[in-house]
Amino acid sequence: MAVDVRPALRQRAASPPRARARLMRLAHVALAFWAILVVVPLLWTFLASFKDTAEIFGPAWSMPAKLRLDNWVRAFHQARIGTYLFNTVIVVALSTAGTMALGSMAAYVLARYPFRGSGAIYLLLVSGMAFPVYLALTPLFFVVKNTGSIPVIGQFIGLDTYGGLVLVYIAYSLPFTVFFLTAFFKTLPTSVAEAAFMDGASHSRIFFRVMLPMARPALISITIFNVLGQWNQYQLPLILLSGNARDKWVLTQGIADISTSTGYSADWGALFAALSMAILPMLVVYILFHRHIQAGMTEGALK
């Protein structure tokens, strides 16, 4: 007697798609929950920036009686958030430019020009990602302090200077930058570089005119990651920029000063306005470049 096994085979073949569909639904639920955890505090912060102190400590989601734009004015002028914002832009711009210049060149050489000891140098650079910054704060303070005694340039790279903070930012951003870009440069085709060599191009010309344009998605992605990490940095500026250099403080120091300088009588409306000023630039950057971030993270894996 023949047994028709086709229904069982069809059911077995259909089960994996159903399992994948359930897995996708669970992933969507988890992502939605994560989005709520991220978006709700941001919305509440923006809403609180237009309230007075009584409304902030009242019902959490009550609307402000009126839009108190004076909170933003006080934060920008009286709390000097405008100055701190300008300082942060200068420091982040210089440190990101330095990180990308040094990181891209180091990653390109390690990825495309293997030499004796290149693997050890790569591991030494990448090992910096496993070293917590908090363990090095004390020696880092004295290193930067001692650089201030170097003739001529010491006054620009010691404590309480933009240069000292920029150099430290670059040092702590290089490990991940080299790690990320080395992996990407290894995926780029060698035929284009070989054709450029045949046309008489030098190594530097190939790097700047051929390889960097091809690595544009990865460069944009890692640049944005570095900007976000350096923009939100608090511990390093706190150690390297003392109260004597208040005019050089960055945004995170200024916001912390608003919340701690007057204790429970802090200007909460101005505090949340300052937080909103710190969040908005990075939010705009991510909205404008999120497609480039996704392309940079996935393109290397698809090559």
Side-chain angles (χ1 to χ4, degrees), residues 89-131 133 143-144 147 150 152-154 156-157 162-231 285 288-303:
V89 171
I90 291 177
V91 170
V92 171
L94 293 176
S95 58
T96 302
T99 301
M100 295 308 301
L102 297 175
S104 61
M105 289 187 285
Y108 177 70
V109 171
L110 292 173
R112 313 291 293 199
Y113 297 93
F115 55 90
R116 181 178 298 178
S118 61
I121 294 175
Y122 174 76
L123 291 177
L124 182 63
L125 286 171
V126 173
S127 64
M129 293 190 297
F131 192 81
V133 64
V143 168
V144 178
T147 59
I150 299 176
V152 183
I153 64 171
F156 303 108
I157 59 174
Y162 290 136
L165 188 60
V166 167
L167 290 178
V168 172
Y169 276 8
I170 292 174
Y172 276 96
S173 300
L174 274 177
F176 181 70
T177 302
V178 171
F179 170 75
F180 188 92
L181 292 180
T182 300
F184 195 90
F185 277 126
K186 287 181 178 179
T187 66
L188 297 180
T190 59
S191 57
V192 179
E194 292 172 353
F197 272 124
M198 294 296 294
D199 291 337
S202 62
H203 292 280
S204 59
R205 186 179 181 86
I206 290 174
F207 172 69
F208 287 107
R209 301 295 297 272
V210 178
M211 289 302 177
L212 281 187
M214 293 175 64
R216 181 182 176 185
L219 292 173
I220 293 176
S221 297
I222 196 62
T223 297
I224 294 174
F225 279 121
N226 285 328
V227 169
L228 292 175
Q230 295 169 6
W231 184 274
V285 167
L288 292 177
F289 295 101
H290 72 280
R291 294 185 182 276
H292 296 283
I293 296 176
Q294 296 171 358
M297 295 296 291
T298 58
E299 187 166 335
L302 296 176
K303 285 182 179 291

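- S104 places a side-chain N or O within donor-acceptor distance of the main-chain N or O of A101, the cut-off being under 3.5 Å.
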Worksheet item: Stepwise, does the side chain to side chain contact (heavy atoms under 4.5 Å, CB included) test hold for Y169 with T99?
Response: CA-CA 8 Å; Y169 276 8; T99 301; 5.9 Å; no

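- Here the shortest heavy-atom pairing between L181 and A218 reads CD2-CB, 4.0 Å.
- Proximity of L125 to L110: side-chain heavy atoms (C-beta onward) are separated by under 4.5 Å at one or more points.
- The side-chain hydrogen bond (donor to acceptor under 3.5 Å, both in side chains) contacts involving residues 117-131 comprise nothing, where partners must be two or more places apart or lie in separate chains.
- Between L219 and L212, some side-chain heavy-atom pair lies under the 4.5 Å cut-off.
- Residues passing the side chain to side chain contact (heavy atoms under 4.5 Å, CB included) test with L167, sequence neighbours excluded: I157.
- Counting only distance, with no hydrogens or angles, the side chain of S173 and the backbone of I170 share no donor-acceptor pair below 3.5 Å.
- T147 places a side-chain heavy atom less than 4.5 Å from the side chain of I150.
- Checked by atom type and distance alone, the side chain of R112 never pairs as donor or acceptor with a backbone atom of F207 at under 3.5 Å.
- Annotation: the span from I121 atom CD1 to F115 atom CZ amounts to 4.0 Å, rounded to 0.5 Å.
- At a threshold of 4.5 Å between non-hydrogen side-chain atoms, the residues F156 and V166 do not count as touching.
- Separation of atoms CZ (F225) and OG1 (T177) is listed at 11.0 Å; rounding is to 0.5 Å.
- Separating the OG atom in S202 from the CZ atom in R209 is a distance of 10.5 Å, to the nearest 0.5 Å.
- Between the CZ atom of F185 and the CE atom of M214 there is a distance of 10.0 Å, given to the nearest 0.5 Å.
- The shortest heavy-atom contact between L188 and A215 is CD1-CB, 4.3 Å.
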Fill in: side chain to side chain contact (heavy atoms under 4.5 Å, CB included) between V210 and F197, worked out
CA-CA 11 Å; V210 178; F197 272 124; over 6 Å; no

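- Closest non-hydrogen pair, M211 versus P189, comes out as CE-O, 4.1 Å.
- Taking 4.5 Å as the limit, some side-chain heavy atom of Q230 sits within range of a side-chain heavy atom of T96.
- Here the straight-line distance linking atom CG of L94 with atom OH of Y162 works out to 10.0 Å at 0.5 Å rounding.
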